[in-house]
Amino acid sequence: MYNCEGVIVDEPSNLFNEYFATPACSVCKLLEKVMYDQLYDAFKSKFSLDMSGFLRGHSCCTALLKIVDDWRLALDSKKITGTIAIDLSKAFDSICHNLLLAKLRAYGLNCDAIAFFQSNLTDRQQRVKFHSIFSEWRPVKCGVPQGSLLGPLLFNIFLVNDLNFAGQISSLRLYADDTPTYASNRDIITLETSLNLDLDILVTWFSQNYLIVNSIKTPGMILGSHAYVSEFFIGDSQGELSNSLKTLGVTIDNKLTNSEHISNVLKKVYAKIGALRQLKRLMPHSMSLSLYNAYLLPHLEYCSPLLIGSQLNFKL
């Protein structure tokens, strides 16, 4: 059982309608680490090469480098590239326990391992504390425990690895619940048709696995010279095409100049530099350096290899 405290909601009346994450019990961390190591070792050879999330040696940066490199190669070959950044609604909280256990069984886990994961996932309850008010205890009927070691790994097995076998033709670069899909072709109409067919396949797969695509937060982008106005559809909803899209914390424009991302980073950094300048006389140099390393440097270093070759006149 878990008490979720300090949760902020828009209205107190909405308190009991909110769905919250399910953190793992801290006393189970040691056992969880042992099980994580064994499960990871068992699956590391089975994981798709298109996966980047929650894997050793991978990061948001490696995923984005692969995506952008593919797009640059397509542009160099005079191809047009279309990409759709699929957004899932509450993906971690929507994992069906029975289906996850069935997938683990299909991958070859024995009865004892299945029994362990069934015990780990089921019979959980949670409630919410808002000031001095408690909600009723509610059973957690789906989802993997967030804030745990096993949760992201089980999510990878359920969604990310399995999704590669959905039958689509376009490329996927999978990082947790961020699922950019993209394809390239010299003919824009062929590209549009291919992407829409693959989107139908992916949306159907998500539906069959009890997951919902948020069409409102699923943007698209076309890279390359073209005059044709493309359209793509998420189910019955038409998606929105723009000149840039944000994925894995980086804004990528359709010219691959990185100008919009750099501008956004500098705006954040300028504001924090201004605050740091006002405080520098009130604190020792060592503290200023610590604040710089904690609050400024991460903005500048995040996915910085992606910016190599950018020719812009921004000054810091």
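No side-chain donor-acceptor contact under 3.5 Å links N243 to the backbone of D253. A donor-acceptor distance shorter than 3.5 angstrom exists from the side chain of S304 to the backbone of E301, with no hydrogens or angles considered. Using a distance-only test at 3.5 Å, with no hydrogens or angles considered, a donor-acceptor pair links the side chain of T218 to the main chain of N214. The main-chain N or O of F116 is never found under 3.5 Å from a side-chain atom of N120 such that the two would form a donor-acceptor pair. Between the side chain of N209 and the main chain of L211, no donor-acceptor pair closer than 3.5 Å is present. With S207 contributing its side chain and V203 its backbone, the two residues share no donor-acceptor pair below 3.5 Å. With H97 contributing its side chain and G143 its backbone, the two residues share a donor-acceptor pair below 3.5 Å. Side-chain atoms of T204 come within 3.5 Å of backbone atoms of D200 as a donor-acceptor pair (strictly under, hydrogens ignored). In this structure, the side chain of R186 engages the main chain of S77 through a donor-acceptor pair within 3.5 Å. Here the side chain of N254 pairs no donor or acceptor atom with the backbone of M221 at under 3.5 angstrom.
Nearest heavy atoms, S148 versus E32: CB-OE2, 3.0 Å. Between L199 and F233, the shortest heavy-atom distance links the atoms CD1-O, 3.7 Å. Heavy atoms only, all atoms of each residue included: R173 and A63 are closest at CG-O, 3.7 Å. Closest of all the heavy-atom pairs between I67 and P180 is CD1-CG, 4.0 Å. Heavy atoms only, all atoms of each residue included: E231 and E192 are closest at N-OE2, 2.7 Å. Taking each heavy atom of G53 and N156 in turn, the nearest pair found is O-ND2, 2.9 Å.
Both L100 and Y40 are part of a single hydrophobic cluster, where members link through side-chain heavy atoms under 4.5 Å apart. Linking ILVMFWY residues whenever their side-chain heavy atoms come closer than 4.5 Å, directly or via other members, leaves W205 and I201 in distinct clusters. No continuous path of hydrophobic side-chain contacts links I188 to L197 [ILVMFWY only; heavy atoms under 4.5 Å]. Cluster annotation: V250 and L266 are assigned to distinct hydrophobic clusters (Ile/Leu/Val/Met/Phe/Trp/Tyr, side-chain heavy-atom contacts under 4.5 Å, transitive). When hydrophobic clusters are built by joining Ile, Leu, Val, Met, Phe, Trp and Tyr residues whose side-chain heavy atoms come closer than 4.5 Å, directly or via intermediates, L65 is grouped together with L75.
For the pair I222 and Y228, the minimum side-chain heavy-atom distance is 4.5 Å or more. In this structure the side chain of K46 reaches within 4.5 angstrom of the side chain of Y107, judged on heavy atoms. L276 is listed as a side-chain neighbour of L296, based on a closest heavy-atom distance under 4.5 Å. At a threshold of 4.5 Å between non-hydrogen side-chain atoms, the residues V144 and D93 do not count as touching. Residues L245 and T247 meet the side-chain proximity criterion, which asks for heavy atoms closer than 4.5 Å. Considering only heavy atoms from C-beta on, T122 stays 4.5 Å or farther from F117 through its side chain. Proximity of D187 to I80: side-chain heavy atoms (C-beta onward) are nowhere separated by under 4.5 Å. Using a 4.5 Å heavy-atom threshold, the side chains of S89 and K217 count as separate.
Put simply, NZ on K90 and CD1 on I95 are 14.0 Å apart, with the number rounded to the nearest 0.5 Å. Once rounded to the nearest 0.5 Å, the distance linking CZ of R105 with SG of C111 reads 7.5 Å. Taking CG of L306 as the start and NE2 of H261 as the end, the distance is 7.0 Å to the nearest 0.5 Å. Note that CD1 of I252 is 5.0 Å distant from CG of L64, once rounded to the nearest 0.5 Å. Atom CZ in F232 sits 14.0 Å away from atom OG in S194 (nearest 0.5 Å). Interatomic distance, CG of D178 versus OG of S52, reported as 11.0 Å (0.5 Å rounding).
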Starting from the C-alpha separation in whole Å, work towards a yes-or-no answer on side chain to side chain contact (heavy atoms under 4.5 Å, CB included) for I273 and R277.
CA-CA 6 Å; I273 287 177; R277 281 176 175 171; 3.7 Å; yes
Does the pair E136 and R127 meet the rule for a side chain to side chain contact (heavy atoms under 4.5 Å, CB included), with working shown?
CA-CA 6 Å; E136 297 178 359; R127 65 177 180 177; over 6 Å; no
Between D198 and S170, is the side chain to side chain donor-acceptor pair (under 3.5 Å) condition met? List the steps.
CA-CA 7 Å; D198 283 348; S170 56; 2.8 Å; yes
Evaluation steps, side chain to side chain contact (heavy atoms under 4.5 Å, CB included), between S230 and L241
CA-CA 8 Å; S230 302; L241 286 173; 4.0 Å; yes
Quick one: do F206 and Q208 satisfy side chain to side chain contact (heavy atoms under 4.5 Å, CB included)? Show the steps, please.
CA-CA 5 Å; F206 286 129; Q208 291 172 344; over 6 Å; no
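Counted by atom type alone, H299 and K272 present one or more donor-acceptor pairs between their side chains at under 3.5 Å. No side-chain donor-acceptor contact under 3.5 Å links S244 and S242.
Tested against Y182 for a side-chain hydrogen bond (donor to acceptor under 3.5 Å, both in side chains), the candidates T83, D70, T81 yield a single pass: D70. None of L172, V213, I84, I234 except one satisfies the side-chain contact (heavy atoms from CB on, under 4.5 Å) rule with L202; the exception is L172. The ring-ring contact (aromatic ring centres under 6.0 Å, His included) test with F155 is passed by exactly one of Y175, F92, F54: F92.
Contact check on R56 versus D37 returns a salt bridge, with a Lys/Arg side-chain nitrogen under 4.0 Å from an Asp/Glu carboxylate oxygen. Using a 4.0 Å cut-off between charged side-chain N and carboxylate O, R72 and D76 make no salt bridge.
Annotation for E240: atom CD does not count as buried by contact number, only 12 or fewer foreign heavy atoms lying within 6.0 Å. At most 12 non-hydrogen atoms from other residues, nucleotides or ligands lie less than 6.0 angstrom from CD1 of I216. Few gaps surround CE on M283; more than 12 heavy atoms of other groups in view lie less than 6.0 Å from it.
Taking the ring centre of F158 as origin, the terminal cationic atom of K103 falls inside the region bounded by 6.0 Å and 45° from the ring axis.
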